[in-house]
Each structure stands twice: as C-alpha cells, then as structure tokens.
Amino acid sequence: MDSHPPTRRPSKLPYVAALLLMGMVVVAAWLGRDRYTAIIAGSDAPTFSAMTLDGAPVSLADLDGKVVLLNVWATWCPPCRFEMPSMQRLHEAVDDEDFVVLAVSVDAAEPGEPDVFGRVAGDVPAYIEENGYTFTVWHDPPGTIQRTYQTTGVPESFVIGRDGVIYKKVAGPTEWDSPEYEEMIRRLLDS
C-alpha cells in the first residue's frame, strides 16, 4: 500500500491572470501614449484655455501663427517676480505684432484666497498695473496649464514657434532680455 497522499499539481491560474493583467496594462499604455508624452523642446505645444484679466475666455489656439513666450507664474512666487521685468524688456525690444509674451497666472481666483496648495493669491490685475507690465497676461486659477504642460513649479517658460512647436523650455527664472533669447525670438519670427 502506498502511504503517500496523491500529489497535486500547482494551479496555473495565478500565472495566467498575471499575464493577462500585464497585457492589459501594456495595451492601455499604448492606447493612451499621447497623454504620457513629455512636454519638452521639439514637442507640439498643447493648447489650453484660460481667462483674460477681464474674465473673457481665451485659448492658446487664439495665437496660432505667432511666436509665443509662454510663462507660467504666480504673484506669491519671488522668482516669478524677479524675471518679469526682463520679460517686459524683451516685449519692448522685440516690437513685432507676431510676437507675444504671454504670462499665465495660476493664482487662486480671488485675491487673498488660498490655491489648492494653500498659497494665498495676490491681486493679479493690480500687480500687473502697479509694475507697468504691458505684455499679455491670462489667469488660470485651477492651474490646468500646469498639468497640461507638466510643469514642476513656477516660474516655468516655453518658447513656441509659429509652427506650434516648443523650441525652448526653461524651469526657473531667467533673464529673458539676454541677447541669446532675443536672437532666438527674432530667428523664429524670421522663419
């Protein structure tokens, strides 16, 4: 007589289930690959919507065919405030109707109101007026532009050509009126 109990083969079900799950993840990633593309120099600039300081809806598509310096900023951000004078100087130096300095504020909707991270919003229109900035300023209180452009903070800027391609991405403040940037903008305007 055999005293050993019959041996049972291990089930293959967990392995089959794991393979199916991995296959589904690969297919989902492949189908949604456009959503996971990094926003870098050479990428098409994603469109986004915001509001003018008067509350009118606007979109990046409204600027098709123009060279755009897109800057994401907030009034509570010292490095943002540091670089804005250089943006104004660049705006004045490159006096061309096909060049737009576009600063998109991610401050909360109302001055004194905290944003989703608890930072208190400044009065964007008053800040722009007090400093004499004449470039284009839009407002995006929900910060949708930050998700769309995958920013890591503020300020973060993108130089977009007439063709809608991002030619330069800068994280952090910079001197926008430096000869390097002015030359880049003029070259893009000439192309």
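No hydrogens, no waters, no symmetry mates; every other heavy atom, side chains included, goes into these values.
With sequence neighbours excluded, no residue forms a salt bridge (charged side-chain N to carboxylate O under 4.0 Å, His left out) with Asp140. Applying the side chain to side chain donor-acceptor pair (under 3.5 Å) rule to Arg81 yields no partners; only residues at least two apart in sequence or on another chain are considered. Glu156 is linked by a salt bridge (charged side-chain N to carboxylate O under 4.0 Å, His left out) to Lys169, counting only residues two or more places apart in sequence or in another chain.
You'll find the side chain of Leu70 stays beyond 4.5 Å of the side chain of Trp138, heavy atoms only. Considering only heavy atoms from C-beta on, Glu175 stays 4.5 Å or farther from Glu83 through its side chain. Ile128 places a side-chain heavy atom less than 4.5 Å from the side chain of Met84. No side-chain heavy atom of Glu129 sits less than 4.5 Å from a side-chain heavy atom of Pro125. Between Thr47 and Thr148 there is no side-chain heavy-atom pair separated by less than 4.5 Å. Contact check for Thr75 versus Asp123: no side-chain heavy atoms found under the 4.5 Å cut-off. Side-chain contact between Arg147 and Thr144: present, with at least one pair of heavy atoms (C-beta onward) separated by less than 4.5 Å. Taking the side chain as every heavy atom from C-beta outward, Leu53 and His139 approach each other to under 4.5 Å.
You'll find the ring centres of Tyr127 and Trp73 inside the 6.0 Å limit.
What you find for Arg162 and Leu189 is that their closest heavy atoms are NH2-O, 2.9 Å. When all heavy atoms are compared, the tightest approach of Leu60 to Pro46 is CD2-O, 3.5 Å. Here the closest non-hydrogen pair linking Pro173 and Pro155 is N-CG, 3.6 Å. When all heavy atoms of Ala108 and Ala121 are compared, the pair lying nearest together is N-CB, 3.5 Å. Residue Val106 comes nearest to Gly143 through the heavy atom pair CG1-CA, 4.1 Å, listed as atom of the first residue, atom of the second, then distance. Looking at every heavy atom in both residues, Ser157 comes nearest to Asn71 through OG-ND2, 2.8 Å.
The distance from atom CD1 of Ile145 to atom CZ of Phe158, rounded to the nearest 0.5 Å, is 7.5 Å. Taking OG of Ser191 as the reference point, atom CG of Asp163 lies at 7.0 Å (rounded to 0.5 Å). The CG atom of Leu102 lies 8.5 Å from the CE atom of Met87; values are rounded to the nearest 0.5 Å.
Placement of Val100 and Phe48 within a single hydrophobic cluster is found when ILVMFWY residues are connected by side-chain heavy-atom separations under 4.5 Å, directly or transitively. A single hydrophobic cluster is seen to contain both Ile185 and Val101, as judged by linkage of ILVMFWY side chains at heavy-atom distances under 4.5 Å, directly or through other members. Linking ILVMFWY side-chain heavy atoms closer than 4.5 Å, directly or via other members, places Leu69 and Val165 in a single hydrophobic cluster. In this structure, Leu188 is a member of the same hydrophobic cluster as Val170, with clusters built from ILVMFWY side-chain heavy atoms closer than 4.5 Å. Both Ile160 and Val104 sit in one connected hydrophobic cluster of ILVMFWY residues. Membership requires side-chain heavy atoms under 4.5 Å apart, directly or through other members.
Ring orientation note: the planes of Trp176 and Tyr181 are tilted relative to one another, at an angle of 30° to 60°.
Of the possible donor and acceptor atoms, one in the side chain of Asp115 sits under 3.5 Å from a partner among the backbone N and O of Phe117. Remark: side-chain polar atoms of Asp96 are paired, donor with acceptor, to backbone N or O of Asp98 under 3.5 angstrom. A donor-acceptor pair under 3.5 Å is formed between the side chain of Gln150 and the backbone N or O of Ile39. In this structure, the side chain of Arg119 does not engage the main chain of Trp76 through any donor-acceptor pair within 3.5 Å. When atom types are taken as modelled, the side chain of Glu182 and the backbone of Val94 share no donor-acceptor pair closer than 3.5 angstrom. Judged by distance alone, with hydrogens and angles left aside, the side-chain atoms of Asp62 form a donor-acceptor pair with the main-chain N or O of Ser59 at under 3.5 Å.
Residues Asp107 and Ser105 have side chains that bring a donor and an acceptor to within less than 3.5 angstrom of each other.
The environment of Glu113 atom CD is dense: over 12 non-hydrogen atoms of other residues, nucleotides or ligands sit within 6.0 angstrom.
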